[in-house]
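Read the structure below first, then the notes.
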Amino acid sequence: MPEGHTLHHHLDKQHRWFAGQVLRVSSPQGPFAPGAAVMNGATLKRAEAYGKHGFWHLDRGAVLHYHLGLYGRLRYHPRPEPEPRGAVRLRVVGDDRAMDLIGPTKCELLSRDGYAAVRRRLGQDPLRDDADPQIALAKLSRTRRPIGAALLDQAVIAGIGNVYRAELLFCANLSPHTPGHDVPPEVLSSIWRNTVTLLRIGAKHNRILVVGEDTEGPVGGEQVDPRGFETRGRYGPKRDRLWVYKRRVCKLCDTPIVVSELGQRTLYHCPRCQAA
DNA sequence: GGCTTATGCGCAG
DNA sequence: TGCGCCTAAGCCA
């Protein structure tokens, strides 16, 4: 489930659970074994998310960089940790918890320069305090590309994925095919603000929640595990939390959803609520 | 239990 | 442009 909110949720947790600890690191599934050997015995100084990327800043100057891709998963265990299951590329064991990185599309050790290079490729992350909306908005307002393609461009806004793209454009009553430079500046600004809002809600609950109000406490009777491990909350079916993504009809007006392709990804939009 | 699908992205060609 | 990665939820039987 990796859009930006997922990474922020996990990296915040990873910082709380592993920072300051001397880590036991291994790579049960192979290709990262040399990197794991370098990491083994290091101390985590800071875990941070940027867009859909995860970074662990270690002492010794190395930086772990990972990206979940479409399939990657993170699993956490209390100690003693169980036998690795699946393509565990990276296993980290801290003082009282362990973490598995499973099936990521990227898992590598970077130098400070390598880290800077990855960061340079990425645009503004709406979940970060250091985001500069004006930079992202300027790019959107100049491009001839359809807004629905530009929103997926990680060099513009880092962290939006296919679900949030569909839902953000719906919330803006905007056709995904509108060229960026034809979208009124105030609409672009409102999209940015809504992105911040929705990604924050998503990061808090570790779920994409768009329909309905966010609440301070658990949502929909969600059960919270006091140890902090993921629990099966009762959020209801995903389709009921979204307006258009993967729905047959628009949740607002019942018009059949148009399924097409834009920016190499499946696009869902309501032709009535989001008329051109 | 099996089959389909996917919230991403880099690379070969 | 299309494929490969390789997990797990959702759906069906």
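Residue numbers begin at 1 in each chain, while the letters A, B, ... track the order of the sequences.
- Taking the six-membered ring where tryptophan is involved, the planes of A/Tyr76 and A/His10 are essentially parallel, since the angle between them stays under 30° and well short of 60°.
- A salt bridge does not link A/Arg89 with A/Glu108: none of the charged nitrogens is closer than 4.0 Å to a carboxylate oxygen.
- Under the 4.5 Å side-chain contact rule for hydrophobic residues, A/Tyr66 and A/Val92 share a cluster.
- The pair A/Arg128-A/Glu48 meets the salt-bridge criterion, with a side-chain N (NZ, NE, NH1 or NH2) lying under 4.0 Å from an Asp/Glu carboxylate O.
- Between B/dG10 and C/dA8, the distance separating the two P atoms is 22 Å to the nearest Å.
- A/Arg165 places its CZ atom 11 Å from the C1' atom of B/dT7, with the value rounded to the nearest Å.
- Applying side chain to side chain contact (heavy atoms under 4.5 Å, CB included) to A/Tyr115 and the options A/His53, A/His65, A/Arg120, A/His57 leaves one that passes, A/His57.
- The CD-C1' distance, from A/Glu261 to B/dA6, rounds to 13 Å in whole Å.
- Pairing each heavy atom of A/Ala42 with each of A/Arg60, the nearest pair is N-NH2, 3.6 Å.
- Judged by distance alone, with hydrogens and angles left aside, the side-chain atoms of A/Arg207 form no donor-acceptor pair with the main-chain N or O of A/Leu209 at under 3.5 Å.
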Heteroatom pairs (N/O) under 3.5 angstrom, protein to nucleotides 6-8 of chain C:
from, atom 1, to, atom 2, distance (Å)
C/dC6, OP1, A/Arg89, NH2, 3.4
C/dT7, OP1, A/Ala87, N, 2.9
C/dT7, O4', A/Tyr71, O, 3.4
C/dA8, OP1, A/Arg75, NE, 3.4
C/dA8, OP1, A/Arg75, NH2, 2.4
C/dA8, OP2, A/Arg75, NH2, 2.9

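- Here the side chain of A/Lys251 pairs no donor or acceptor atom with the backbone of A/Val211 at under 3.5 angstrom.
- Note: OH (A/Tyr245) to P (B/dG8) measures 8 Å, nearest angstrom.
- Distance, A/Gln264 CD to B/dA6 P: 15 Å, rounded to whole Å.
- Taking atom CD1 on A/Ile208 and atom C1' on B/dA6, their separation rounds to 12 Å, with Å as the unit.
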Output a table of nitrogen or oxygen pairs between the protein and nucleotides 9-13 of chain B separated by less than 3.5 Å.
from, atom 1, to, atom 2, distance (Å)
B/dC9, OP1, A/His67, NE2, 3.0
B/dC9, OP2, A/Lys52, NZ, 3.3

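- When the P atom of B/dG8 is taken as reference, atom CG of A/Leu7 falls 11 Å away, rounded to whole Å.
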